[in-house]
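Accompanying notes for the structure given below.
Keep in mind the model is a prediction, meaning the values are calculated, not measured. Just so it is clear, the values below take in all heavy atoms, side chains as well, and ignore hydrogens, waters and symmetry mates. The residues of the chain are indexed from 1 along the displayed sequence.
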Amino acid sequence: MPNRPLVPSLDRRGVLRGSLAVSAALSLPAVGAAAPAFALSGRPRAAWGVQVGDVTASSALVWVRSDRPARMIVETSATESFRRSRTWHGPLLGAGSDFTGTTPLYGLPAGEQVHYRVTLADPADPRRTGRPVHGTFRTAPARRRDGVRFLWSGDIAGQGWGINPDIGGYTVYEEMRRLDPDFFLCSGDNIYADGVIEPSVTLPDGRVWRNVTTEEKSKVAETLAEYRGNFRYNLLDTNLRRFNAQVPSIVQWDDHEVRNNWYPGQILDDSRYTEKNIDVLAARSTRAFREYFPVSTLRAASGEGRMHRVVRHGPLLDVFVLDMRSFRNANSPGRQPDDATGILGAGQLRWLEQELSRSRAVWKVIAADMPLGLVVTDGATDFEAVAQGDPGQPLGRELQIAELLRYIKHRRITGTVWLTADVHYTSAQHYVPERAAFKDFAPFWEFVSGPLAAGQFPANALDATFGPDRVFVRAPDRANVSPMESPQLFGEVDIDGDSGELTVRLRAQGGSVLFSKVLRPGLVGQ
């Protein structure tokens, strides 16, 4: 997200290091040390819960974290009784992965509820096991008529608003869990590695916001241990752990997983950092990200893992998860007449075009970690996203998006819908060539939602290059409105199995549907 103020008025009487400011209402794992101690007595424990990611019709990834070295064992069953089950022997969890591990499951039945439990076994004595941790998820349907429903949002623990025990923590996750979606798409900013969590914050109306604090959140993240601690922080919340045990996720990243508005090759001019090379910081964050999320990071030709991927969710839906961070060029005024790198990089753009052409799904959700036509600034002269405020023909990063939109039109690829978060409010934009300076594309919709647990901000200006019309927006009139002052935001996508219609609902915490739009399959210009 753009450079914006952090918290309005900080109580700086001291940051609690290595301890917690919590109420008895929150049940938290022990967090006194960055990594488990080896001299622990008893059996291995999985106090950080379980997660499932990148679920398809026949596969899934199961994640867990141990409190010591342990062997990960996963059992799956069609019933909670586990009378008939399959056993999957996972990796040995050790210090090299911060005692986290992921086990891939294959050959699962399509369109079925899968119950699973994860057991941690002592490597020295496999009969010595900890108490199993249970979870459940639905595989993607094999039949179109079964339909698909999922949620999306982003931006967690931003602008100094962390886990507040006085309001029950991240209660928005409990509301989303009760909606029982097929999966949750997190559109980036899963953490704020550059954002300190203070013990308390004074709100404009005089009320005091209290935070759960940890040592790793008392400064900006630079070391691998500090990035790991940032990813671990959100798992302190009971609501999130309960959500993870029931709802699988598709997770992408954006800037705050490393630092605000970062780009490859950047050298920081920021006194908070002793490590100034952003590529070093990004490598550490990437490692921690892959340790703490069950993500099917594919291997590129170079052998390096990559964040962008397609998650196929049955005949109705393919989710194209973009990485608009790792391959971008430097933030700039964005007026270049020729820009092959853009925001995706040349290789990722070719990959996306090819995968869109191959897709046979009715709907093709493009999960973008940044919006297209919203002007997101980086300082006084540079721009962070695609748009740069010039309403004329495409320039800078807009050139890459123009190429992609032209490709989609000329290849007659239907059913593309763009989803994003990042800007900390919710809105719906309809892009049509009649209003645009660049006209060689088919109309499409972009929906924005978030934050889940961060400050809300006023709406960004629109750039007319691709002709966006802001059909709906809900945003505050001042910067950094806390979760105690305004409901948190998420979106819902519901694809009907009979008609194939896709309904988008922009939601606010508390059960409100702020806006809804029904899209019909196969139509252009809706």
Side-chain angles (χ1 to χ4, degrees), residues 1-4 152-156 158 185-192 194 250-264 266 278 282 307-309 319-334 339 341-345 348-349 352 365-379 382-390 394-405 416-429 431 444-452 454 457 459-463 465-466 468 470 473 475 489 491:
M1 73 172 278
N3 281 317
R4 282 164 165 170
W152 95 93
S153 189
D155 313 305
I156 305 157
L185 167 63
C186 190
S187 300
D189 292 344
N190 298 267
I191 63 168
Y192 279 70
D194 56 340
I250 298 174
V251 182
Q252 65 186 139
W253 76 342
D254 193 27
D255 56 336
H256 288 286
E257 279 81 5
V258 180
R259 182 192 177 271
N260 188 45
N261 296 354
W262 75 275
Y263 51 83
Q266 184 181 20
I278 202 70
M307 297 290 186
H308 58 282
R309 60 202 187 277
V319 181
F320 298 83
V321 185
L322 302 189
D323 179 358
M324 304 173 84
R325 190 57 53 183
S326 303
F327 307 104
R328 62 165 54 199
N329 51 19
N331 291 351
S332 73
D339 188 351
T341 301
I343 200 164
L344 297 173
Q348 185 178 187
L349 176 61
L352 179 57
V365 165
I366 301 177
D369 41 300
M370 301 214 72
L372 298 184
L374 278 58
V375 180
V376 183
T377 59
D378 180 15
D382 294 342
F383 294 89
E384 156 73 350
V386 175
Q388 53 358 25
D390 183 333
L395 294 170
R397 292 169 179 165
E398 293 173 334
L399 291 163
Q400 229 183 27
I401 301 304
E403 178 183 339
L404 173 62
L405 297 179
T416 58
V417 178
W418 292 71
L419 301 182
T420 189
D422 184 71
V423 289
H424 295 234
Y425 62 86
T426 188
S427 66
Q429 286 79 235
Y431 292 76
F444 66 95
W445 284 84
E446 174 188 55
F447 299 96
V448 180
S449 194
L452 272 185
F457 286 84
N460 297 61
L462 293 182
D463 185 313
T465 296
F466 300 118
R470 186 145 45 200
V473 63
L489 303 166

#### Entry: Any residue meeting ring-ring contact (aromatic ring centres under 6.0 Å, His included) with F447, in chain and number order, not counting sequence neighbours
W445
### Task
Could you tell me which non-hydrogen atom of L185 sits nearest to which non-hydrogen atom of A367, and how far apart they are?
CD2-CB, 3.8 Å
### Message
Using modelled atom types and a 3.5 Å cut-off, is there a donor and acceptor pairing between side-chain atoms of R328 and backbone atoms of S326?
### Response
no
## Note on the structure
For E257, the side-chain hydrogen bond (donor to acceptor under 3.5 Å, both in side chains) test, sequence neighbours excluded, returns N190
### Task
Hey, could you give me the CG/CG distance between L322 and D254, rounded to the nearest 0.5 Å?
11.5 Å
### Within-4.5 Å side-chain heavy-atom neighbours: D382 and P333
yes
### Main-chain N/O of L489 paired with S153 side-chain donor or acceptor, under 3.5 Å
yes
### Summary
Here the gap from L452 atom CG to C186 atom SG, rounded to the nearest 0.5 Å, amounts to 6.5 Å
### Query
Which pair of heavy atoms, one from Q266 and one from N261, lies closest together, and at what distance?
OE1-O, 4.2 Å
#### Entry: Partners passing side chain to side chain contact (heavy atoms under 4.5 Å, CB included) against E446 (at least two apart in sequence or in another chain)
P371, L372, L374, W418, T420, Q429, Y431
### Message
Checking the side chain of D463 only, and the main-chain atoms of G389 only, is there a donor and an acceptor separated by less than 3.5 Å?
### Response
yes
#### Entry: side chain to side chain contact (heavy atoms under 4.5 Å, CB included) partners of L349, counting only residues at least two apart
L344, E353, Q400, E403, L404
### Summary
Shortest non-hydrogen pair, A368 vs M324, comes out as CB-SD, 3.6 Å
### Whether D189 side chain and D155 backbone form a donor-acceptor pair below 3.5 Å
no
### Summary
F327 meets the ring-ring contact (aromatic ring centres under 6.0 Å, His included) criterion, sequence neighbours left out, with H308
### Gap between atom CZ of R325 and atom CG of D323 - 0.5 Å precision
9.0 Å
### Pairing residues for T416 by the side-chain hydrogen bond (donor to acceptor under 3.5 Å, both in side chains) criterion, not counting sequence neighbours
none
### Message
Using side-chain heavy atoms (C-beta onward) and a distance below 4.5 Å, is L405 in contact with F466?
### Response
yes
### Task
Could you list the residues that satisfy ring-ring contact (aromatic ring centres under 6.0 Å, His included) with W262, not counting sequence neighbours?
W253
### Task
Decide side-chain contact (heavy atoms from CB on, under 4.5 Å) for Y425 and V473; before the verdict, give the C-alpha distance in whole Å, the side-chain angles of both, and the deciding distance to 0.1 Å.
CA-CA 8 Å; Y425 62 86; V473 63; 3.8 Å; yes
### Message
Once rounded to the nearest 0.5 Å, what's the spacing between atom CG of L419 and atom CH2 of W152?
### Response
5.0 Å
### Query
For the side chain of T426 and the backbone of V448, is there at least one donor-acceptor N/O pair under 3.5 Å apart?
yes
### Query
With no hydrogens and no angle check, is any side-chain donor or acceptor of S449 less than 3.5 Å from a backbone partner on G491?
yes
### Query
Residues two or more places apart in sequence or in another chain: which of them pass salt bridge (charged side-chain N to carboxylate O under 4.0 Å, His left out) with R397?
none
#### Entry: Basic-acidic side-chain contact under 4.0 Å: R259, D194
no
### Message
Under 3.5 Å, is there a donor on one side chain and an acceptor on the other for N329 and D339?
### Response
yes
### Message
I'd like to know if the side chain of N460 reaches the main chain of V375, judged simply by a donor and an acceptor atom lying under 3.5 Å from each other, with no hydrogens or angles considered.
### Response
yes
### Derivation of the side-chain contact (heavy atoms from CB on, under 4.5 Å) call for F320 and L352
CA-CA 8 Å; F320 298 83; L352 179 57; 4.0 Å; yes
### Message
To the nearest 0.5 Å, what is the distance between CZ on F383 and CD on E398?
### Response
10.0 Å
### Non-neighbouring partners of D369 that pass side-chain hydrogen bond (donor to acceptor under 3.5 Å, both in side chains), sequence neighbours left out
none
### Message
Does any part of the side chain of V321, heavy atoms only, come nearer than 4.5 Å to the side chain of V319, both counted from C-beta?
### Response
yes
### Message
Measuring only between side-chain heavy atoms, which start at C-beta, is F457 closer than 4.5 Å to V423?
### Response
no
### Query
Less than 4.5 Å apart, any side-chain heavy atom of V386 and any of M370?
no
